[in-house]
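The structure under discussion appears below in the form of structure tokens.
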Amino acid sequence: MSYKVGVFVGSLASDSINRKLARALLKLAPSELSLIEIPIGKLPLYSRDYDSDYPPEGRAFKNAVAAVDALIFITPEYNRSIPGALKNAIDWGSRPWGTNSFAKKPSAVIGASTGQVGTAVAQQHLRSILSFVNSPEMAQPEAYVRFTQGMIDDDGNVATEKTTDFLRNWLQEFHIFVVQVVGAQRITLSRQDRLGPE
């Protein structure tokens with residue numbers, strides 16, 4: 001069975017190293033995972049005033065999240081947290097209250113940085129947000145990528161076998177996690193259908 005995976009790139013910069021990382025993941029994903037980027041750059045700033053009548057950009061974003069089975073968040077670290085654009089996208093997807101598009105969708109977090117900590121603090125903030133929006137998260141293996149010059153080119157080609165193997169293994173572990181989470185949810189729904197309301 002194959003699974004559609006929505007990919008969020010937290011940086012809006014055209015030459016972002018995290019966009020290069022996203023392209024590499026698309027190339028290295030196992031055949032069971034179909035990775036599709038869900039763009040976040042054209043969303044307006046979220047306001048509760050939109051809840052009664054979502055604009056087309058908000059509806060299209062929520063529909064894109066609803067259409068996938070799982071989620072990958074690729075984030076840089078800005079001021080020891082995630083970029084505002086990524087937080088804004090999560091706000092759009094989780095609102096209005098009672099229509100949370102992220103609920104029960106398995107997710108994974110990865111990020112690249114030229115610094116030693118490799119987006120570790122930003123990822124912890126993001127994991128806290130994903131917990132609140134009820135998205136089951138793959139806890140291990142963690143993926144803090146310290147990006148060096150030439151590690152991944154603009155087309156997503158990875159320069160070293162070591163990095164290739166790490167990213168490919170991370171994706172394979174995520175596939176296993178998605179199978180477990182989605183499979184458990186399907187079993188629960190099937191049981192509920194058989195037994196009816198309690």
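Positions are given from 1, in the same order as the sequence printed here.
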- prompt: Within the side chain of Asp69, is there an N or O that forms a donor-acceptor pair under 3.5 Å with the backbone of Lys4?
  reply: yes
task: Look only at the side chain of Asn88 and the backbone of Pro44, and say whether a donor-acceptor pair between them is shorter than 3.5 Å.
output: yes
message: Check for me, please, whether Phe73 and Leu171 land in the same ILVMFWY cluster - side-chain distances under 4.5 Å, paths through other members count.
response: no
statement: Output for pair (Asn79 CG, His125 NE2), nearest 0.5 Å, gives 11.0 Å
message: How close do Thr119 and Ser113 get, counting heavy atoms only, and between which atoms?
response: CG2-CB, 3.8 Å
- prompt: Is Gln140 atom CD crowded by more than 12 heavy atoms from other residues, nucleotides or ligands, each under 6.0 Å away?
  reply: yes
- prompt: Hey, is the main chain of Pro76 close enough, under 3.5 Å, to the side chain of Ser11 for a donor-acceptor pair?
  reply: no
Min side-chain heavy-atom separation Ser34-Tyr3 under 4.5 Å: no
- request: Would you mind reporting whether Trp170 and Ile72 have side-chain heavy atoms less than 4.5 Å apart?
  value: yes
- prompt: Stepwise, does the side-chain contact (heavy atoms from CB on, under 4.5 Å) test hold for Leu126 with Ile90?
  reply: CA-CA 10 Å; Leu126 180 53; Ile90 296 172; 3.7 Å; yes
- request: Group every Ile, Leu, Val, Met, Phe, Trp and Tyr by side-chain heavy-atom contacts under 4.5 Å, then state whether Phe8 and Tyr144 land in the same group.
  value: no
- prompt: So, does Glu77 use its side chain to make a donor-acceptor pair with the main chain of Val121 at under 3.5 Å?
  reply: yes
- request: Could you check Val9 against Leu86 for side-chain contact (heavy atoms from CB on, under 4.5 Å), going step by step and ending with a plain yes or no?
  value: CA-CA 8 Å; Val9 180; Leu86 183 55; over 6 Å; no
query: When you measure from the side chain of Glu32 to the backbone N and O of Ser2, does any donor-acceptor pair fall under 3.5 Å?
result: no
message: To check you understand the geometry: which heavy-atom pair defines the closest contact between Val65 and Ser101, and what is its length?
response: CG1-O, 3.4 Å
field: Test applied, side-chain contact (heavy atoms from CB on, under 4.5 Å); reference residue, Leu25; option that passes from Val5, Ile74, Val7
entry: Ile74
message: With rounding to the nearest 0.5 angstrom, report the CG to OG distance, Asp154 to Ser14.
response: 9.5 Å
task: Could you tell me whether a side-chain N or O of Glu173 sits under 3.5 Å from a main-chain N or O of Pro141, the two making a donor and an acceptor?
output: no
message: So, using salt bridge (Lys or Arg N to Asp or Glu O under 4.0 Å) as the criterion, who are the partners of Arg168 when residues are at least two apart?
response: none
field: Joint hydrophobic cluster, Phe174 plus Ile176, side-chain heavy atoms closer than 4.5 Å
entry: no
- prompt: Is any side-chain heavy atom of Lys20 less than 4.5 Å from a side-chain heavy atom of Phe147?
  reply: yes
- prompt: Do Thr75 and Gln123 have side-chain atoms, one donor and one acceptor, less than 3.5 Å apart?
  reply: no
- prompt: For Tyr54, does its backbone N or O pair with a side-chain atom of Arg59 as donor and acceptor, under 3.5 Å?
  reply: yes
message: Quick one, Pro106 and Leu71 - any side-chain contact, counting heavy atoms below 4.5 Å?
response: no
query: Does Ile82 belong to the same Ile/Leu/Val/Met/Phe/Trp/Tyr cluster as Val145, with side-chain heavy atoms less than 4.5 Å apart forming each link?
result: no
Note, His175 side chain near Gln172 side chain (heavy atom, < 4.5 Å): no
query: For Thr160 and Thr163, does a side-chain donor sit closer than 3.5 Å to a side-chain acceptor?
result: yes
- line: Heavy atoms of Glu137 and Ser131 approach each other most closely as OE2-OG, 2.7 Å
field: Student check: side-chain heavy atoms of Leu21 and Leu167 closer than 4.5 Å
entry: yes
- prompt: Please walk me through it: do Tyr46 and Trp92 pass ring-ring contact (aromatic ring centres under 6.0 Å, His included)?
  reply: CA-CA 6 Å; Tyr46 170 76; Trp92 276 105; 5.4 Å; yes
field: Basic-acidic side-chain contact under 4.0 Å: Arg95, Asp91
entry: no
task: Determine the minimum heavy-atom distance between Phe61 and Ala89, stating which atoms define it.
output: CE2-O, 3.2 Å
field: Carboxylate-amine/guanidinium proximity below 4.0 Å for Asp155 and Arg23
entry: no
- request: Considering non-hydrogen atoms only, spot the tightest contact between Lys62 and Thr99 and give its length.
  value: NZ-O, 2.5 Å
message: Quick check on the hydrophobic clustering: are Met138 and Ile110 connected, directly or via other members, by side-chain heavy-atom contacts under 4.5 Å?
response: yes
- request: Give the minimum heavy-atom separation between Asn100 and Ser94, together with the two atoms involved.
  value: OD1-CA, 3.6 Å
message: When you compare the side chain of Lys27 with that of Asn157, does any pair of heavy atoms fall below 4.5 Å?
response: yes
query: Strictly by modelled atom types, are Lys105 and Ser135 linked by a side-chain donor-acceptor pair under 3.5 Å?
result: no
